[in-house]
Amino acid sequence: MQYGSGQGDPTLRSQICEVMRLEGIRAHPDDVVVTVGSQQALDLVTRVFCDPGDVVICEAPSYVGALGVFSAYECEVVHVAMDGDGLQPTALRDALQAIAAVGKRAKFLYTIPNFHNPAGVTLTAERRTQVLDLCRDSDLLVVEDNPYGLLGFDDEPIPSMRATEPEGVVYLGSFSKTFAPGFRVGWALAPHAVREKLVLAQESATLCPPTFSQLAVSAYLSGHDWHRQVKEFSRMYRDRRDAMLAALDEYFPPTATWTVPAGGFYVWVTLPPGLDSGAMLPPAVTARVAYVPGTAFYADGYGSSCLRLSYCYPPPERIREGVRRLAGVIGEELELRETFGANRPGQSRGSARPNTDLT
Ligand SMILES: Cc1ncc(COP(=O)(O)O)c(C=O)c1O
């Protein structure tokens, strides 16, 4: 229980390399920095790379916790559209050109290639290559945030972006979704020069990541069949995903659309035209069902027509009941809209359709 290494416990760093091998990554423990969840890794990477006004490219929508970090460091977020196959390379190319046209240069692309939070989609292998090619050509660093990669329902994991591009990618991992979030153990795997800066930033932030948590995670990895356990978790999440999709099919109006995740925790719903997920939240909570409104996942005010549902925690029968109640709230909102038109009280203005094609 003494202070430990600022970079993290060496045994745990070796074990982390074994975990990453499952996604095709060959890494040395020297290049791993243990962090207080991958959330702290996001903070450290942003602290190291960004000054106020710097541009960060993110998917549309993107992880709310990352957007919070980018906002805290006063970064300018440029969103890039996704569809059912993940980030659109053509949209990324256009964004890079638009940023260059105003004399700026993005600091990095922040991407969640697997079982996206909140969109639920996965970047195809073909697109990974295209995105990496574009980033290499533009000398743009990729921050690959991958807390859900091992939680796929059907296929073996697609090789991570870091596996093909060790020098151009900072990879972030976490034990929060495969073991337990309360230990707050995550990591960054970074090219050598970046790793040194991350260790310095980590030491100034915490001196060292918590020793007790690291020892607990390390003991779990060495003493248990954790890989089998992760597969068991995935089976449970698949049942919950199936329950949610079946309930959406049964209860939601045909004018709503949603993504079909092949892993992870989230379904991204696009509401029937004209509905506002922010305005709908209070009646939903009154009906004792909650979700995250879409605007939380955009830095630019978009997303009011969307919302994120999570199926990771409740058992299937509660998921079904939650979706049924939410469908009831949507039905009431549609009726109100029919009665009062678009200007009914509580409706936010503008920013309706998100800049993306997630159906
Ligand atoms: C995409 C993504 N990145 C990072 C995190 C943060 O996870 P951690 O608990 O490792 O800090 C989350 C948590 O929900 C997440 O969804």
Side-chain angles (χ1 to χ4, degrees), residues 8 12 16 19-20 23 32-47 56-72 77 79-80 82 86-87 108-123 142-152 157 160-162 169-190 198 201-202 205-206 209-210 213-214 216-217 220-221 230 233 237 241 259 261-268 290-292 294 296-299 307-313 358:
L12 178 62
I16 285 171
V19 173
M20 291 191 292
E23 294 187 87
V32 174
V33 183
V34 178
T35 54
V36 182
S38 53
Q39 188 67 29
Q40 195 210 8
L42 270 168
D43 186 274
L44 297 180
V45 167
T46 313
R47 186 187 305 192
V56 173
I57 302 178
C58 297
E59 284 131 353
S62 188
Y63 166 53
V64 59
L67 294 178
V69 172
F70 302 147
S71 155
V77 169
H79 282 293
V80 171
M82 286 193 284
L87 177 70
F108 55 79
L109 164 69
Y110 169 70
T111 178
I112 307 156
N114 292 314
F115 321 128
H116 192 276
N117 179 5
V121 299
T122 293
L123 189 65
V142 176
V143 177
E144 177 181 22
D145 189 7
N146 189 31
Y148 306 99
L150 295 180
L151 294 174
S160 82
M161 296 167 92
R162 166 58 176 71
V169 177
V170 174
Y171 175 97
L172 311 186
S174 175
F175 291 107
S176 289
K177 318 294 173 175
T178 51
F179 182 28
F183 285 109
R184 309 304 302 127
V185 177
W187 70 92
L189 169 67
L198 290 178
Q202 169 66 291
T206 66
S213 287
Q214 293 183 79
V217 173
Y220 172 65
L221 294 173
V230 168
F233 284 149
Y237 293 135
R241 186 248 353 225
T259 55
F265 295 172
Y266 309 108
V267 172
W268 180 249
Y291 56 81
V292 185
F297 305 99
Y298 285 83
L307 56 88
R308 188 194 76 176
L309 298 179
S310 170
Y311 50 80
C312 68
Y313 189 65
L358 285 164

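Indexing begins at 1, ligand by ligand and atom by atom, following the structure's order. Nothing fancy with the numbering, it's 1 onward along the sequence. Since we're looking at a predicted model, the values are computed, not measured.
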Novice: Take Met161 and Thr111, measure what side chain to side chain contact (heavy atoms under 4.5 Å, CB included) needs, and give me the verdict at the end.
Specialist: CA-CA 10 Å; Met161 296 167 92; Thr111 178; 4.0 Å; yes
Novice: Show, in sequence, the C-alpha distance, side-chain angles and deciding distance for Gln202 and Val34, and conclude whether the side chain to side chain contact (heavy atoms under 4.5 Å, CB included) test is met.
Specialist: CA-CA 9 Å; Gln202 169 66 291; Val34 178; 5.9 Å; no
Novice: Begin with the C-alpha distance, continue with both residues' side-chain angles, and end with the deciding distance and a verdict on side chain to side chain contact (heavy atoms under 4.5 Å, CB included) for Tyr110 and Val45.
Specialist: CA-CA 11 Å; Tyr110 169 70; Val45 167; over 6 Å; no
Novice: With heavy atoms of Ile112 as the reference, note each atom of ligand 1 found under 4.0 Å away.
Specialist: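 So the answer, numbered in order with elements, is 1 (C).
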Novice: Determine, using heavy atoms of Lys177 and all atoms of ligand 1, whether some pair is separated by less than 4.0 Å.
Specialist: yes
Novice: Run through Glu23, Lys177, Arg162 and flag the one making a side chain to side chain donor-acceptor pair (under 3.5 Å) with Asn146.
Specialist: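 Exactly one candidate clears the test, Glu23.
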Novice: If you count the atoms of ligand 1 from 1 in the order shown, which ones are under 4.0 Å from a heavy atom of Arg184?
Specialist: 8 (P), 9 (O), 11 (O)
Novice: Quick one: look up the protein heavy atom nearest atom 5 (C) of ligand 1 and list residue, atom name and how far away it is.
Specialist: Tyr63 OH, 3.3 Å
Novice: Answer with yes or no after comparing the ring centroid distance for Phe265 and Phe115 against a 6.0 Å cut-off, counting only values under it.
Specialist: no
Novice: Hey, can you tell me if Phe175 and Trp187 have their rings parallel, tilted or perpendicular (30° and 60° cut-offs)?
Specialist: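 Plane angle between 30° and 60°, so tilted.
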Novice: Does Gln40 have a heavy atom less than 4.0 Å from any atom of ligand 1?
Specialist: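 Per 4.0 Å heavy-atom rule, Gln40 does not contact ligand 1.
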Novice: Relative to the heavy atoms of Pro147, which atoms of ligand 1 are at a distance of less than 4.0 Å?
Specialist: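 Within the 4.0 Å cut-off of Pro147, ligand 1 contributes 1 (C), 2 (C), 3 (N), 15 (C).
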Novice: Is the closest heavy-atom distance from Tyr148 to ligand 1 below 4.0 Å?
Specialist: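 Under 4.0 Å: yes for Tyr148.
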Novice: Which atoms from ligand 1 have a heavy atom of Ser176 less than 4.0 Å away?
Specialist: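 Checking each atom against Ser176, I get 8 (P), 9 (O), 10 (O).
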Novice: Touching ligand 1 at all, Gly186? Heavy atoms, strictly under 4.0 Å?
Specialist: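 So Gly186 does not count as touching ligand 1.
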Novice: Do the rings of Phe179 and Phe183 sit parallel, tilted or perpendicular, given the 30° and 60° boundaries?
Specialist: parallel
Novice: Please identify which atoms of ligand 1 are closer than 4.0 Å to at least one heavy atom of Ser38.
Specialist: 4 (C), 5 (C), 6 (C), 7 (O), 8 (P), 10 (O), 11 (O)
Novice: Can you list the atoms of ligand 1 that are under 4.0 Å from a heavy atom of Ser174?
Specialist: 8 (P), 10 (O)
Novice: Would you give the length of the straight line joining atom CG of Leu150 to atom CE of Met20, rounded to the nearest 0.5 angstrom?
Specialist: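 Answer rounded to 0.5 Å: 11.0 Å.
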Novice: Hey, looking at atom 1 (C) of ligand 1, which of Asp145, Leu172, Asn146 has the closest heavy atom?
Specialist: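 The option holding the nearest heavy atom is Asp145.
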